[in-house]
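Down below is the structure, laid out as C-alpha cells.
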Amino acid sequence: MGYFVDHRTKKIHHSQFAGDSCGFLQTPIDQREFTDKMEYVESLAEKEYEHCPYCQTAQSTVG
C-alpha cells in the first residue's frame, strides 16, 4: 500500500483513499512525499505525524 505524507500538516494519508476531505490540496508540491516504505511511515507516526482520519477507508461522494 502506498502512502502520501503531507509535511505541511504532518498527516499521513493512504494514497488509495486520499481525497478532498483530507485537506492536502493547499499543500505545495515540494512539501508532499509519496512512499511505500511502511517502516518510514511508522517512524513518522511515532514522532509528530498522525494518520489522516479521512484516509482509513474509501471516501464516498455526495452528489
T9 and D6: CA distance, side-chain angles, deciding distance, side-chain contact (heavy atoms from CB on, under 4.5 Å) verdict: CA-CA 6 Å; T9 62; D6 183 336; 3.1 Å; yes
Q31, CD: over 12 other non-hydrogen atoms inside 6.0 angstrom: yes
Closest contact, heavy atoms only, H13 versus A18: CB-CB, 4.3 Å
R32 to L25 - nearest heavy-atom pair and separation: NH2-O, 3.4 Å
Centroid-centroid distance, H14 to Y3, less than 6.0 Å: yes
Value rounded to 0.5 Å, distance of CD1 in I12 from SG in C22: 12.5 Å
Sub-6.0 Å ring centroid separation between F24 and F4: yes
Basic-acidic side-chain contact under 4.0 Å: K11, E50: yes
Side-chain touch K10/L44, heavy atoms, less than 4.5 angstrom: no
Residues in side-chain hydrogen bond (donor to acceptor under 3.5 Å, both in side chains) contact with S43, at least two apart in sequence or another chain: none
Linked, directly or transitively: Y49 and M38 (ILVMFWY side chains, under 4.5 Å): yes
From CD (Q26) to CZ (R8), nearest 0.5 Å: 6.0 Å
E33: partners by side-chain contact (heavy atoms from CB on, under 4.5 Å), with sequence neighbours left out: V5, H7, Y40
